[in-house]
Amino acid sequence: EAQLVESGGGLVQAGGSLRLSCAASGFSFDDYTIGWFRQAPGKEREGVSAISARDGSTAYEDSSVRGRFTISRDDAKKMVYLQMHDLEPEDTAVYYCAAVSSFGPWVFTPNRYSYWGQGTQVTVSS
């Protein structure tokens, strides 16, 4: 059974840092793109970042996170990380990792993804 488990969320002050982890099991991790999404209360789920299988190409959804967030993966450990710096109150959300078997311009479309984790809460206080 495919499973994704996020960890590393918490409460942090504005300007602080967090590193989210996503642990994968039950599917061919090496063949899958992993994406990070987030959902704030009352808002739609939105893409944050994604990293492809094999060549590790990365994508960041918009300029608000580019330069502050860094995605990486460790295929040997079947882990994906999202390092977040200079956090802002607007980053407050539940963060999810998800897996899909290809990579393309649609990489931030949630319904393209096959597997999802349960989410981890990130709260940034001002």
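Throughout, residue positions are numbered sequentially from 1 according to the sequence presented. Keep in mind that the numbers below use all heavy atoms, side chains included, and drop hydrogens, waters and symmetry copies. Note that the structure is a prediction, hence the values are computed from the model and not measured.
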Check salt bridge (charged side-chain N to carboxylate O under 4.0 Å, His left out) between D31 and all other residues, then give those that pass, not counting sequence neighbours. R54

Looking at side-chain heavy atoms only, is the closest gap between W116 and R45 below 4.5 Å? yes

Does any part of the side chain of S28, heavy atoms only, come nearer than 4.5 Å to the side chain of D30, both counted from C-beta? no

Look at the side chain of S126 and the backbone N and O of P89, then say whether any donor-acceptor pair between them is shorter than 3.5 Å. no

Sequence neighbours excluded and cut-off under 3.5 Å, please list the side-chain donor-acceptor pairs for residues 63-77, or say none.
unit_1: S64; atom_1: OG; unit_2: D62; atom_2: OD1; d: 2.4
unit_1: R66; atom_1: NH2; unit_2: Y60; atom_2: O; d: 2.9
unit_1: R68; atom_1: NE; unit_2: S64; atom_2: O; d: 2.8
unit_1: R68; atom_1: NH1; unit_2: D86; atom_2: O; d: 2.9
unit_1: R68; atom_1: NH1; unit_2: D91; atom_2: OD2; d: 2.8
unit_1: R68; atom_1: NH2; unit_2: S64; atom_2: O; d: 2.6
unit_1: R68; atom_1: NH2; unit_2: D91; atom_2: OD1; d: 3.1
unit_1: R68; atom_1: NH2; unit_2: D91; atom_2: OD2; d: 3.4
unit_1: R73; atom_1: NE; unit_2: D75; atom_2: OD1; d: 2.8
unit_1: R73; atom_1: NH1; unit_2: Y32; atom_2: O; d: 2.9
unit_1: R73; atom_1: NH1; unit_2: I51; atom_2: O; d: 3.4
unit_1: R73; atom_1: NH1; unit_2: S52; atom_2: O; d: 3.0
unit_1: R73; atom_1: NH2; unit_2: F29; atom_2: O; d: 3.0
unit_1: R73; atom_1: NH2; unit_2: Y32; atom_2: O; d: 3.1
unit_1: R73; atom_1: NH2; unit_2: D75; atom_2: OD1; d: 3.3
unit_1: D74; atom_1: OD1; unit_2: A76; atom_2: N; d: 3.1
unit_1: D74; atom_1: OD1; unit_2: K77; atom_2: N; d: 3.2

Does T120 use its side chain to pair, donor to acceptor, with the backbone of G9 at less than 3.5 Å? yes

L82 and R19, any side-chain heavy atoms less than 4.5 Å apart: no

Nearest 0.5 Å please: distance from the CZ atom of F103 over to the OG1 atom of T33. 6.0 Å

Check whether any side-chain heavy atom of F108 lies under 4.5 Å from a side-chain heavy atom of V48, and answer yes or no. no

So which pairs with a foot in residues 28-88 pass disulfide bond (SG atoms under 2.5 Å apart), sequence neighbours left out? none

Sequence neighbours excluded, every pair satisfying disulfide bond (SG atoms under 2.5 Å apart) that has a member inside residues 23-73: none

Worked verdict on K78 versus S25 for side chain to side chain contact (heavy atoms under 4.5 Å, CB included): CA-CA 7 Å; K78 298 186 178 181; S25 62; 5.8 Å; no

From OH (Y96) to CG (L20), nearest 0.5 Å: 13.0 Å

To the nearest 0.5 Å, how far apart are CD in Q121 and CD in Q39? 11.0 Å

Disulfide bond (SG atoms under 2.5 Å apart): which pairs involve residues 18-101, sequence neighbours left out? C22-C97

Minimal non-hydrogen separation, A93 against Y95, with atom names: O-CD1, 3.4 Å

Is there a chain of hydrophobic side chains (I, L, V, M, F, W, Y, each step under 4.5 Å between heavy atoms) that links M79 to Y115? no

Looking at residues at least two apart in the chain, or sitting in another chain, which of them share a side-chain hydrogen bond (donor to acceptor under 3.5 Å, both in side chains) with E46? R38

Taking the side chain as everything from C-beta on, heavy atoms only, tell me whether V12 gets closer than 4.5 Å to M84. no

For the CG atom of L87 and the OG atom of S125, what is their distance to the nearest 0.5 Å? 10.0 Å

Is the shortest side-chain heavy-atom distance between V94 and F37 below 4.5 Å? no

Non-hydrogen atoms of G119 and E6 that approach each other most closely: N-OE1, 2.9 Å

For V107 versus Y113, what's the shortest heavy-atom pair and its separation? O-OH, 2.6 Å

Please confirm whether the backbone N or O of A24 pairs with a side-chain atom of Q3, one donor and one acceptor, at under 3.5 Å? no

